[in-house]
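Order of listing sets the numbers, starting from 1, for every ligand and every atom in it. Owing to the predicted nature of the structure, the values given are computational and were not obtained by experimental measurement. We number each residue from 1, following the sequence as shown.
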Amino acid sequence: MSQAQLSRYQKDGLLSPMKVFSEKKAGLLRSQLEEYESVYGSVMKTPYRNKPHLIFPWVAEVIRDSKVLDIVESVLGPNLLVWGTNFFIKEPNDGTFISWHQDSTYWGLSRPDVLTIWIALSPSRRTNGAMKMISGSHKLEQLPHTDTFEAGNLLTRGQKIDHQVADEDVAWIELEPGEASVHHVRIIHGSEPNTGPDRRIGLAIRFIPTDLTQVNGIKDYATLVRGHDEYNHFEHEPCPMVSLGKSEIETHTRIADESFKLFYQGTDREPKFGE
Ligand SMILES: O=C(O)CCC(=O)C(=O)O
């Protein structure tokens, strides 16, 4: 990342578009996802949308990609953990959306030094549910959110910020396959339903520096992807060797179940598996 890009990230809390993969490579990743879906006989659902880097070697490779890590290192320094990954997939006209929110709300991480790289595996445009962000909103404190649990909202609790967003403040994050956006954990963002003819597929990777801690009293896990971890605040996750292997599934289930406890902490809800 250049000094100009870093200054822009610090000012706006986002950078987009950033070319991380060729269109061909993005197409290959998409076909790996779709190959899994055709064997499984359905679109990818929860729980594998959460932490897919524990179960699919091709996702594990993406989170270790040097181009991706160079971007992150410019902001967070040389010792990097991946705390989470999520597939955000919206089928044409399925009505799913993401309400305006700050990622930091329920993650329980000790500082807002958390950066997401969201990689487009399909075109992501206003017409098919691209992300929208409020530039500069990462400088706000943690805002109150209301849990709506509304149908179609892809967030675990359907959480949304309590204040009004003005249309003129919205930055649309349009991406071509292989391009990525970078966003700060406190930025206000969301997305509308996909009304286009193609799926909208994004892989979000959440990076943290190794000295962060989990403050919500839950055992937490992360993958060391660059440098050293002298703190060991997070149990290190293993790298999957084969797609959907027995030990990969066991590891994913154990760790993803813990992360769902965190996301639903303080509610009487259960994870929405199968969405
Ligand atoms: O994929 C989307 O539309 C939203 C993703 C999101 O909220 C995130 O990556 O933090």
Side-chain angles (χ1 to χ4, degrees), residues 9 12-18 20 26 30 33 43-46 49-53 59 62-63 68 71-72 82-109 112-135 137-138 142-143 145 147-148 150 152-161 165 170-177 179-196 198-208 259 262-263 272 275:
Y9 174 76
D12 296 341
L14 72 99
L15 277 178
S16 181
M18 305 279 283
V20 290
R30 176 175 178 165
L33 166 74
V43 297
M44 182 182 276
K45 295 178 177 169
T46 314
R49 285 188 187 204
N50 179 39
K51 291 214 175 218
H53 65 281
V59 181
V62 170
I63 69 169
V68 170
I71 295 172
V72 185
V82 165
W83 178 74
T85 51
N86 303 93
F87 272 113
F88 284 104
I89 305 172
K90 293 192 229 167
E91 304 300 328
N93 301 307
D94 71 357
T96 59
F97 66 99
I98 303 234
S99 45
W100 286 116
H101 70 287
Q102 291 170 307
D103 290 335
S104 45
T105 311
Y106 298 113
W107 288 1
L109 296 168
D113 290 336
V114 186
L115 178 150
T116 293
I117 299 224
W118 192 105
I119 304 174
L121 303 190
S122 72
S124 184
R125 308 202 176 109
R126 271 187 84 160
T127 47
N128 71 338
M131 268 199 288
K132 48 183 186 171
M133 299 190 188
I134 308 300
S135 182
S137 58
H138 65 303
Q142 176 62 53
L143 298 171
H145 284 56
D147 295 341
T148 68
E150 59 202 334
N153 194 328
L154 292 176
L155 297 179
T156 46
R157 302 168 177 231
Q159 63 268 30
K160 64 177 176 207
I161 53 162
V165 170
V170 174
W172 291 93
I173 310 297
E174 297 199 298
L175 300 170
E176 294 305 314
E179 290 180 338
S181 59
V182 177
H183 72 261
H184 186 279
V185 72
R186 283 247 177 98
I187 201 158
I188 298 172
H189 63 294
S191 65
E192 301 288 330
N194 176 0
T195 54
D198 192 12
R199 318 176 76 185
R200 198 227 56 174
I201 307 171
L203 175 66
I205 314 172
R206 325 297 189 174
F207 292 92
I208 57 174
S259 70
L262 178 68
F263 300 145
K272 302 184 285 185
E275 287 175 23

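- Listed by number with element, the atoms of ligand 1 under 4.0 angstrom from any heavy atom of H101 are 7 (O).
- The side-chain heavy atoms of L14 and S181, taken from C-beta on, include no pair separated by under 4.5 Å.
- Only the side chain of R200 comes within contact range of ligand 1, with a heavy atom under 4.0 Å; no backbone atom does.
- The shortest N/O to N/O separation between T116 and ligand 1 does not fall below 3.5 Å.
- Protein heavy atom nearest atom 3 (O) of ligand 1, with residue, atom name and distance: S191 OG, 2.6 Å.
- Numbered from 1 in the order shown, with element, the atoms of ligand 1 that lie under 4.0 Å from a heavy atom of M131 read 2 (C), 3 (O), 4 (C), 5 (C).
- Ligand-side atoms of ligand 1 in range of H183: 8 (C), 9 (O), 10 (O), range being under 4.0 angstrom from any heavy atom.
- Counting heavy atoms closer than 4.0 Å to ligand 1, residue R206 contributes side-chain atoms (C-beta onward) but none from N, CA, C or O.
- Shown in contact with A204 at under 4.0 Å from a heavy atom are these atoms of ligand 1, numbered in order with element: 9 (O).
- Residue, atom and distance of the protein heavy atom nearest to atom 6 (C) of ligand 1 are H189 NE2, 3.5 Å.
- We find the CG-OG1 distance between N153 and T148 to be 5.0 Å, quoted to the nearest 0.5 Å.
- Side chains of R206 and T116: a donor on one and an acceptor on the other come within 3.5 Å.
- Residue F207 forms a side chain to side chain contact (heavy atoms under 4.5 Å, CB included) with just one option from D113, I117, V185, and that option is I117.
- Checking H189, H184, R186 one by one against D103, the side-chain hydrogen bond (donor to acceptor under 3.5 Å, both in side chains) holds for a single residue, H189.
- Summarising the local packing, NZ of K132 is surrounded by more than 12 heavy atoms from other residues, nucleotides or ligands at distances under 6.0 Å.
- Those atoms of ligand 1 that come under 4.0 Å of a heavy atom in D103, given as number and element, are 10 (O).
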Take Q142 and T105 through the test side chain to side chain donor-acceptor pair (under 3.5 Å) and record every step on the way to the result.
CA-CA 7 Å; Q142 176 62 53; T105 311; 3.1 Å; yes
